[in-house]
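The structure appears right after this line, and notes come after that.
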Amino acid sequence: MIRVQHVAPRSVGAELGLMPGTELISINGRALEDFLDWEYLSADDCFLLLTRLPSGEAVEYDIERPEGMPLGLTLEPPRIRRCANHCDFCFVDGNPTGLRAGLYIRDDDYRLSFRYGHFATLTNLKPWDIERIVEYRLSPLYVSVHAADPAVRRWLLRNPEAPDVVAQLASLGGRGIRFHTQVVLVPEVNDGPQLERTLADLYGLGDPIMSVSVVPVALTEFSKHGLVRQPRPDECRAALAAVGRVATRALGERGHPWCFGADELYLRAGAALPAAAWYGEFEQRENGVGAVRYLETRIAAAGGWPEGLAGARVGVVTGAAMGPLMPQVLEGLTRATGATFQTVTVENTLFGPSVTTAGLLPGAAIRAALASRRDLDLALLPAEAVNDDRLLIDGVAADDLAAEMPMDLRWSYDFVDVLAVEGVAA
Ligand code: SF4
């Protein structure tokens, strides 16, 4: 069941008398289960919409709207599909107690995989989900493969019912769906020959598999450490060698590397990152693949920096993973803007020092790092660290943090989004 949360003023929906709380029941007789049904079935300019108003009255609308004009309805957030797995490396288990409730939800939702690029395992698909994926052309999907060998994958997912993912990908691929895939690397489980097999099997599926990334498993102080551990540098180097062999073959046969190591894999291996051109369209940058090179590319391509930036003193807050790499990223920014940039590397005091990504930095740690920095005019903070309600992972409000700090704060994905647009009020 889906329900209207907001109706835009002067929209088609408002003219029809739709209001917040209205249930959207069916279109042309087809029941509406979720936002996907709504978006795809309401795409036509003429259709019959059955609703139930908040008063309980059922009303059917014969909708004819000017071509392309939106109905102006915002739906209530969807109910998230819960995960059927119990991975030892699950981030939910790695959370300390006392965080907000939403952080303890294990989601595994192909709809969010399509919409937002979240990785899903496809282990909870029902036959009608598969038909919807094909009918609505939910492509590309982002899929956590981890291992092609079903027994190894079931062990990693702690799910004895997990279907053979290679067969799933082949079947959906044959029906027109494309995939970006990932392997979360767990040493002595899916590395070595298992990794070789996984990469070979995925490569063998041909065009439907658009890319594969190999990402070292991330554990916090609170994770289960009994059966999984983080890879050592030599294990990361071995994984990169396997990635390199497949990428070399793909370059020759397909004209692009296809197979990528996450930035974190290079960092742990002590290896240099490939050049920006290696990553093509940076399609897995949200997964930490090519994220550093993407930043450099964005900075190099930006123009029209505000004159007021020259001489500004800017702190760039990041996690321990990016800390050592940030100076080389900021070099280009310094040259382009004339501002002075300093890296402020913040250790994760909530999850422990093994969690090094900037997107999981708690507000308390940022506060401690910046509170006495009166030498900065501005601090750029990782925008991935705040959610839609502008809260950090530990519940600290972004606005409260900004009010307490001695400098201006801006939340930024790639520096260019803030500096090239707003400049600095020195
Ligand atoms: S697939 Fe594994 S890591 Fe992802 S939410 Fe489920 S249990 Fe957690």
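What you are looking at is a predicted structure, and each value in this text was computed from that prediction instead of being measured. Just follow the structure's listing: the first ligand is 1, and inside any ligand the first atom is 1.
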Atom indices of ligand 1, in the order listed, that fall short of 4.0 Å to a heavy atom of Arg106: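 It comes down to these atoms of ligand 1: 5 (S), 7 (S).
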Residue Asn85 vicinity, atoms of ligand 1 by number, heavy atom under 4.0 Å: 1 (S), 7 (S)
Any Val92 heavy atom less than 4.0 Å from ligand 1: no
Do the charged groups of [X] and [Y] touch, with an N to O distance under 4.0 Å?
| X | Y | value |
| --- | --- | --- |
| Asp129 | Arg111 | no |
| Arg229 | Glu188 | yes |
| Arg30 | Glu135 | yes |

N, O or S from His86 under 2.8 Å to atom 2 (Fe) of ligand 1: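 No, outside the cut-off.
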Face-on cation placement of Arg153 at Trp155 ring, 6.0 Å and 45° thresholds: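 Because its charged atom misses either the 6.0 Å distance or the 45° angle limit, Arg153 does not stack over Trp155.
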Region of Thr121 engaging ligand 1 - heavy atom pairs below 4.0 Å: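 Contact part for Thr121 vs ligand 1: side chain (C-beta onward).
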Ligand 1-proximal atoms of Cys83, by part, heavy-atom distance under 4.0 Å: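 Looking at Cys83 and ligand 1, just side chain atoms fall under 4.0 Å.
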Distance flag, aromatic centroids of His180 and Phe260, threshold under 6.0 Å: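 No; His180 has its ring centre 6.0 Å or more from that of Phe260.
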Criterion salt bridge (charged side-chain N to carboxylate O under 4.0 Å, His left out) on Arg81 and Asp107, from CA distance to verdict: CA-CA 6 Å; Arg81 287 286 194 94; Asp107 71 285; over 6 Å; no
Distance from atom 8 (Fe) of ligand 1 to nearest protein heavy atom, with residue and atom: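 Looking only at protein heavy atoms, the one closest to atom 8 (Fe) of ligand 1 is Cys90 SG, 2.3 Å.
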Sub-4.0 Å protein heavy atom near atom 3 (S) of ligand 1: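 Yes, at least one protein heavy atom sits under 4.0 Å from atom 3 (S) of ligand 1.
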